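Okay, structure first, notes after.
The structure displayed is predicted, hence computed values, not measured ones.
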Amino acid sequence: MVIPMTHATVLISGASVAGPALAYFLHRDGYDVTVVERAPDLRDSGYAVDFRGAAFDVLDDLGILTEVRRHETKMRGTALMNEAGSETGMLPAEAFAGELEVPKRELTRILHRITTHDVEYVFNDSISALTQHDSGVAVEFERGAPRTFDLVIGADGVYSKVRRLAFGPHADAVRHLGLSGAGFSTANYLGLDHSGVLQHAPDTAIYAFSAGDADRLTVSLSFATPTPALDRCGREEQEQALRTAFAGRGWEAPRLLDAMTEADDFYFSSACQVHLDRWSQGRIALLGDAGYCAAPTSGMGTSQALIGARTLARHLAGANGDHTTAFAAYEAELRPYVAENQATGVEGAAMFGGGER
């Protein structure tokens, strides 16, 4: 059954980047869009995000390219350090910042602002059950009343609730790249100015940079892990794993471990990819990290999310509401691009002591 776009309802799970970008394009094409987000409000966590290649065309199509550029971090490069604190080399800004880098919170706020008056946002809730019928998808929520939508899109990250409910367990899709780590911020005691420092050993890496807020230092502590199981643990256990991994390390490791404990913006994640035989099941489809995460080490997560959102919306519009045709075309077009990014993600993880497990 094909539903005309002007009467179709779409539920998107996830209000980070991919979800709001898709919401913008779908609303523009005549869909009635709802976005559900389990967080109580927009998320402020996360490193800076960067854009490469065709992502600039998507930002322009969203009408936000000029505004996004105003938040550029203007990073100048990253110094390579040894454990004695001596500089051994320099990486150009493009190594981490791509062609344009901005704080993730700024991009998230912009995407929310351009959609909030046209799209229904439901925060502090999550999908708990999905049941497909010939004419729609019955959705149950953890807090809200049940509703039915014509289509459901999972844009809710590596551990996507939509993917687990409609496609199967996380273990069937998530591939660990052998690397986990924590992110947090602290006082910029290193005096970095739109620059970063990187010190890595075979199984650990320290990356710190300052941009935007001159008083703050953003820190990443990464270490080799056999599985992503720590992602599901509490902060105390995660911190202990980091202290064990960095025990005996020199340079700034001891001071940064102490700063980690004091940080109020601590978060932990593993470098993982998502691999699936298909990105849709009936009226349910996946977008961005939920369907084909390339890992942060690819440097392509945000660009891939934006390009995926516009590609999916374009094929839905071109198929005039025939989701079966649209989903197949979306996947056929995007898979080669995703495969390249995932190969880059594996290479990037190896540079920091990781590797496919």
Side-chain angles (χ1 to χ4, degrees), residues 10-23 26 33-39 42-43 45-46 49 104 108 111 121-132 137-144 147 149 151-177 180 227-232 267-296 298 300-309 311-313 323 327 330-331 334-335 338 341-342 345:
V10 180
L11 174 66
I12 300 172
S13 177
S16 181
V17 173
L22 178 63
L26 291 183
V33 184
T34 298
V35 176
V36 62
E37 167 59 51
R38 65 183 178 88
L42 293 178
R43 299 175 186 268
S45 63
V49 296
K104 184 178 181 182
T108 302
L111 289 171
Y121 278 89
V122 180
F123 287 97
N124 200 34
D125 206 349
S126 181
I127 297 170
S128 60
L130 295 167
T131 305
Q132 295 202 59
V137 184
V139 182
E140 295 180 30
F141 298 92
E142 292 181 358
R143 293 178 174 82
R147 297 169 63 177
F149 298 86
L151 302 174
V152 173
I153 309 296
D156 43 355
V158 171
Y159 294 104
S160 166
K161 190 73 169 289
V162 171
R163 190 187 67 237
R164 184 176 66 78
L165 291 171
F167 292 76
H170 294 315
D172 292 348
V174 177
R175 183 178 300 174
H176 184 50
L177 298 188
S180 301
T227 75
L230 281 166
D231 288 357
R232 297 302 195 183
Y267 70 96
F268 189 98
S269 65
S270 296
C272 295
Q273 293 185 339
V274 173
H275 291 262
L276 292 167
D277 292 336
R278 55 183 302 175
W279 300 342
S280 64
Q281 296 281 6
R283 293 176 171 272
I284 301 170
L286 301 173
L287 172 65
D289 285 353
Y292 38 87
C293 178
S298 72
M300 294 300 295
T302 302
S303 294
Q304 187 167 270
L306 292 172
I307 292 168
T311 302
L312 176 54
H323 62 277
F327 289 166
Y330 152 68
E331 183 172 340
L334 211 60
R335 263 197 186 275
V338 167
N341 294 337
Q342 290 185 327

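Each salt bridge (charged side-chain N to carboxylate O under 4.0 Å, His left out) pair with one or both residues in residues 158-167, not counting sequence neighbours, appears once here: Glu142-Lys161.
Rounding to the nearest 0.5 Å places CG of Asp125 at 10.0 Å from OG of Ser13. Considering CG of Leu286 and OH of Tyr330, their distance stands at 7.5 Å, rounded to 0.5 Å. The structure places CG of Leu22 at 4.0 Å from CD1 of Ile12, a figure rounded to the nearest 0.5 Å. For the atom pair Ile284 CD1 and Phe149 CZ, the distance stands at 12.0 Å (nearest 0.5 Å). Rounded to the nearest 0.5 angstrom, Arg147 CZ and Thr34 OG1 are separated by 4.5 Å.
When every heavy atom of His323 is checked against every heavy atom of Gly282, the shortest pair comes out as CD2-O, 3.3 Å. Ile127 and Phe141 get closest at one heavy-atom pair: CG1-CE2, 4.1 Å. Of all the heavy atoms in Cys293 and Cys272, the pair that sits closest is SG-O, 3.3 Å. The two residues Ala18 and Ala309 make their nearest non-hydrogen contact at O-CB, 3.9 Å. Thr108 and Ser16 make their closest contact through CG2-O, 3.9 Å (heavy atoms, listed as atom of the first residue, atom of the second, distance). Listed here is the closest heavy atom pair of Ala290 and Ser160: CB-CB, 3.6 Å.
Side chain of Gln132 to backbone of Arg283: a donor-acceptor contact under 3.5 angstrom is found. No donor-acceptor distance shorter than 3.5 angstrom exists from the side chain of Gln342 to the backbone of Gln273, with no hydrogens or angles considered. In this structure, the side chain of Glu37 engages the main chain of Ala15 through a donor-acceptor pair within 3.5 Å. In this structure, Ser128 contributes its side chain and Glu140 its backbone to a donor-acceptor pair below 3.5 Å.
A cation-pi arrangement is present between Arg232 and Tyr159, with the terminal nitrogen or guanidinium carbon under 6.0 Å from the aromatic centre and inside a 45° cone about the axis.
Residues that satisfy the side-chain contact (heavy atoms from CB on, under 4.5 Å) test with Asp172, not counting sequence neighbours, are Pro169.
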Start with the C-alpha distance between Asp231 and Phe268, add both sets of side-chain angles, then the distance that settles side-chain contact (heavy atoms from CB on, under 4.5 Å), and finish with yes or no. CA-CA 6 Å; Asp231 288 357; Phe268 189 98; 3.6 Å; yes
Taking it one step at a time, do Val17 and Val49 satisfy side-chain contact (heavy atoms from CB on, under 4.5 Å)? CA-CA 10 Å; Val17 173; Val49 296; 5.8 Å; no
Between Phe327 and Ile153, is the side-chain contact (heavy atoms from CB on, under 4.5 Å) condition met? List the steps. CA-CA 11 Å; Phe327 289 166; Ile153 309 296; 4.2 Å; yes
For residues 301-308, tabulate all N or O donor-acceptor pairs below 3.5 Å that involve a side-chain atom, not counting sequence neighbours.
{"from": "Ser303", "atom 1": "OG", "to": "Arg52", "atom 2": "N", "distance (Å)": "3.0"}
{"from": "Gln304", "atom 1": "OE1", "to": "Asn341", "atom 2": "ND2", "distance (Å)": "2.8"}
{"from": "Gln304", "atom 1": "NE2", "to": "Tyr292", "atom 2": "O", "distance (Å)": "2.9"}

